[in-house]
Amino acid sequence: MGSELRLLADYGPAFGQALLLTWKLTILSFVAGFALGIVVTVARLLPLRPLRFVLTVYVEVFRNIPGVARLIFIVFALPARQVLVDDEL
């Protein structure tokens with residue numbers, strides 16, 4: 001029991017910061033995804049055929065590529081192209 005309390009005392013603040021960062025990223029991702037989804041949905045209803053085609057391709061690509069494959073691309077391919085994602089908010 002004492003070792004668990006020691007771990008909590010040592011690493012508790014780091015876990016708390018990680019939890020807050022996770023919540024921030026979750027909320028930010030939800031809001032951004034919801035807003036982008038609304039914009040794309042409304043734009044797909046417009047009578048402009050080329051725009052509808054491009055947005056349909058965009059939706060189908062993201063719908064049909066597994067999330068893990070996109071994550072692997074973000075983690076490995078983007079840094080190789082010198083595109084860095086800032087992990088601090």
Side-chain angles (χ1 to χ4, degrees):
M1 181 72 175
S3 63
E4 289 89 2
L5 291 176
R6 176 83 174 137
L7 283 174
L8 187 59
D10 289 344
Y11 298 108
F15 283 128
Q17 289 176 347
L19 180 64
L20 289 176
L21 179 62
T22 301
W23 286 346
K24 286 180 191 177
L25 289 174
T26 300
I27 292 168
L28 179 69
S29 298
F30 177 79
V31 170
F34 186 78
L36 181 63
I38 294 294
V39 169
V40 169
T41 301
V42 170
R44 284 181 69 189
L45 297 175
L46 295 174
L48 303 169
R49 290 191 71 138
L51 180 63
R52 277 196 329 221
F53 175 75
V54 169
L55 292 176
T56 299
V57 169
Y58 171 80
V59 167
E60 292 302 321
V61 164
F62 275 95
R63 185 180 289 168
N64 292 317
I65 296 177
V68 172
R70 288 192 302 263
L71 185 61
I72 289 171
F73 178 78
I74 290 169
V75 169
F76 294 110
L78 292 182
R81 297 279 185 181
Q82 279 72 41
V83 176
L84 301 176
V85 179
D86 187 18
D87 60 351
E88 294 292 326
L89 290 177

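One is the number of the first residue; the rest follow in order along the sequence.
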inquiry  = Working to the nearest 0.5 angstrom, can you tell me the gap between T56 OG1 and L51 CG?
reply    = 9.0 Å
request  = State plainly whether one hydrophobic cluster holds both L48 and V59, where clusters connect Ile, Leu, Val, Met, Phe, Trp and Tyr through side-chain heavy atoms under 4.5 angstrom apart.
outcome  = yes
request  = Considering non-hydrogen atoms only, spot the tightest contact between G37 and T41 and give its length.
outcome  = O-OG1, 2.6 Å
query = Would a 4.5 Å heavy-atom cut-off, applied to side chains only, mark L46 and R52 as touching?
reply = no
Which atom of I74 lies closest to which atom of P79, heavy atoms considered = O-CD, 3.4 Å
message = Going by side-chain hydrogen bond (donor to acceptor under 3.5 Å, both in side chains), name the pairs with one or both residues in residues 63-77, residues two or more places apart or in two chains.
response = E60-R63, E60-N64
key: hydrophobic_cluster_shared for V40 and F62, side chain cutoff 4.5 Å   = yes
task = Tell me whether I72 is reachable from V75 by hopping between hydrophobic residues (I, L, V, M, F, W, Y) whose side-chain heavy atoms are closer than 4.5 Å.
result = yes
key: Check: Y58 and V54 side chains under 4.5 Å, non-hydrogen atoms   = no
ask   = Can you tell me how far CG of D10 sits from OG of S3, rounded to the nearest 0.5 angstrom?
value = 11.0 Å
message = Does any part of the side chain of F30, heavy atoms only, come nearer than 4.5 Å to the side chain of I27, both counted from C-beta?
response = no
ask   = So if you build clusters from Ile, Leu, Val, Met, Phe, Trp, Tyr with side-chain heavy-atom gaps below 4.5 Å, do F73 and V83 land together?
value = yes
query = If you round to the nearest 0.5 Å, how far is CD1 of I65 from CG of L71?
reply = 13.0 Å
remark   = d(L21 CG, T26 OG1) to nearest 0.5 Å is 9.0 Å
